[in-house]
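See below for the structure under consideration.
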Amino acid sequence: QVQLVESGGGSVQAGGSLRLSCAASGSTYSTYSMAWFRQAPGKEREGLAAIDSDDSTRYANSAKGRFTISEDKAKNTLYLQMNNLKPEDTAMYYCASDTRNVDVRRIPPHPSEYDSWGQGTQVTVSS
């Protein structure tokens with residue numbers, strides 16, 4: 001089992017930046033891919049970015065050019081740097097890990113690829 005805890009969300013004006021963090025604990029040695037998702041009220045969960053076991057990354061079109069996924073393996077922490085934020089980025093942001101080595105690498109990342117989820121951190125962008 002992998003436990004994931006997100007932090008770094010908050011309220012920001014349009015054009016601003018935030019860096020989200022996701023601290024992983026437990027059986028982190030069995031994590032093959034990690035990703036960021038978001039979900040706005042009344043909408044489906046949307047995959048934003050993933051980093052896979054070979055350190056390759058993949059992004060949704062909505063994230064490409066503005067968001068950057070990275071990880072610090074020594075700290076077991078995943079990050080999402082978000083720049084030039086827009087009101088439509090307002091959502092709950094979740095990190096997720098794949099401990100089953102599903103390895104299908106869909107673009108954008110799909111929730112079915114991941115089996116462990118954090119509780120989420122809220123991001124609110126005002127115009």
Side-chain angles (χ1 to χ4, degrees):
Q1 286 281 357
V2 175
Q3 292 78 45
L4 303 172
V5 179
E6 302 95 337
S7 61
S11 297
V12 64
Q13 288 192 325
S17 298
L18 284 173
R19 188 177 80 155
L20 306 183
S21 300
C22 172
S25 60
S27 302
T28 57
Y29 58 84
S30 63
T31 295
Y32 296 94
S33 174
M34 295 194 73
W36 286 99
F37 290 78
R38 68 185 178 189
Q39 189 166 19
K43 294 189 176 182
E44 292 187 353
R45 192 161 293 192
E46 174 189 14
L48 296 172
I51 186 163
D52 296 308
S53 56
D54 58 0
D55 294 332
S56 62
T57 57
R58 46 196 163 102
Y59 292 89
N61 286 338
S62 60
K64 201 174 298 183
R66 296 191 300 128
F67 296 178
T68 302
I69 190 170
S70 63
E71 65 179 345
D72 184 332
K73 293 182 179 179
K75 296 182 178 179
N76 290 324
T77 301
L78 181 74
Y79 301 100
L80 185 69
Q81 176 68 42
M82 304 188 295
N83 297 326
N84 191 23
L85 284 162
K86 305 174 182 181
E88 51 264 42
D89 294 318
T90 295
M92 187 72 78
Y93 284 68
Y94 300 90
C95 71
S97 68
D98 166 26
T99 64
R100 304 164 296 175
N101 198 19
V102 172
D103 202 27
V104 296
R105 307 200 184 191
R106 293 175 65 173
I107 298 175
H110 192 272
S112 63
E113 299 179 61
Y114 299 91
D115 57 316
S116 294
W117 295 84
Q119 294 299 306
T121 186
Q122 177 68 36
V123 172
T124 302
V125 185
S126 58
S127 57

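For the single chain, residues carry numbers from 1 onward in sequence order.
- Within the 4.5 Å cutoff, side-chain heavy atoms of Arg106 are placed close to those of Ser112.
- Summarising the geometry, atom OG1 belonging to Thr31 is positioned 12.0 Å from atom CZ belonging to Arg100; distances are rounded to the nearest 0.5 Å.
- In this structure, the ring of Phe67 has its center no less than 6.0 angstrom from the ring center of Trp36.
- The CD atom of Gln39 sits 9.0 Å away from atom CE of Met92, with the distance rounded to the nearest 0.5 Å.
- Minimum heavy-atom separation, Glu6 to Gly120: OE1-N, 2.8 Å.
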Leu85 and Gln13: CA distance, side-chain angles, deciding distance, side-chain contact (heavy atoms from CB on, under 4.5 Å) verdict | CA-CA 8 Å; Leu85 284 162; Gln13 288 192 325; over 6 Å; no
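- Judged by distance alone, with hydrogens and angles left aside, the side-chain atoms of Thr124 form no donor-acceptor pair with the main-chain N or O of Thr90 at under 3.5 Å.
- Considering all non-hydrogen atoms of both residues, Ala60 and Gly47 come closest at CB-O, 3.2 Å.
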Might you work through the side chain to side chain donor-acceptor pair (under 3.5 Å) test for Asn83 and Ser17, ending with a clear yes or no?
-> CA-CA 4 Å; Asn83 297 326; Ser17 298; 3.0 Å; yes
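- Salt bridge annotation for Glu88-Arg66: absent, with no cationic side-chain nitrogen under 4.0 angstrom from a carboxylate oxygen.
- Between Pro111 and Phe37 the shortest side-chain heavy-atom distance falls below 4.5 Å.
- With values rounded to the nearest 0.5 angstrom, Gln1 atom CD is found 9.0 Å from Ser97 atom OG.
- The structure places CG of Asp103 at 8.0 Å from CG of Asp98, a figure rounded to the nearest 0.5 Å.
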Apply the test side-chain contact (heavy atoms from CB on, under 4.5 Å) to residues Leu18 and Val123: give CA-CA distance (whole Å), side-chain angles for both, the deciding distance (0.1 Å), then the verdict.
-> CA-CA 9 Å; Leu18 284 173; Val123 172; 3.9 Å; yes
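- The cationic group of Arg38 does not satisfy the cation-pi geometry with Tyr94, failing either the under 6.0 Å distance to the six-membered ring centre or the 45° limit from the ring axis.
- Considering every non-hydrogen atom in both Leu20 and Tyr93, the closest pair reads CD1-CB, 3.6 Å.
- A side-chain N or O of Asp115 and one of Thr99 form a donor-acceptor pair less than 3.5 Å apart.
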With side-chain contact (heavy atoms from CB on, under 4.5 Å) as the test, would you mind laying out the steps for Leu78 and Ile69 before giving the verdict?
-> CA-CA 7 Å; Leu78 181 74; Ile69 190 170; 3.8 Å; yes
Do Asp55 and Glu71 pass the side-chain contact (heavy atoms from CB on, under 4.5 Å) test, and can you show the C-alpha distance, the side-chain angles, and the key distance before you say yes or no?
-> CA-CA 9 Å; Asp55 294 332; Glu71 65 179 345; 3.6 Å; yes
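- Here the closest non-hydrogen pair linking Ser126 and Pro87 is C-CG, 4.5 Å.
- Heavy-atom neighbours of Gln119 CD from other residues, nucleotides or ligands within 6.0 Å: at or below the threshold of 12.
- Look at Asp54 and Arg105 and you find a salt bridge, because one of the NZ, NE, NH1 or NH2 atoms lies within 4.0 Å of a carboxylate O, short of that distance.
- Leu4 and Tyr79 are not part of a single hydrophobic cluster, where members link through side-chain heavy atoms under 4.5 Å apart.
- Using modelled atom types, one finds a donor on one side chain and an acceptor on the other under 3.5 Å when comparing Glu46 with Ser62.
- Cluster membership check: Tyr32 does not share its hydrophobic cluster with Tyr114, using side-chain heavy-atom separations under 4.5 Å among Ile, Leu, Val, Met, Phe, Trp and Tyr.
- By the 4.5 Å heavy-atom criterion applied to side chains, Tyr59 and Thr68 are counted as neighbours.
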Yes or no on salt bridge (Lys or Arg N to Asp or Glu O under 4.0 Å) for Glu113 and Arg45, after CA distance, side-chain angles and deciding distance?
-> CA-CA 13 Å; Glu113 299 179 61; Arg45 192 161 293 192; over 6 Å; no
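- Val12 and Leu80 fall within a single hydrophobic cluster, where Ile, Leu, Val, Met, Phe, Trp and Tyr are joined by side-chain heavy atoms under 4.5 Å apart, directly or via other members.
- Here the closest non-hydrogen pair linking Thr77 and Lys75 is OG1-O, 2.9 Å.
- Looking at every heavy atom in both residues, Ser33 comes nearest to Asp52 through OG-OD1, 2.7 Å.
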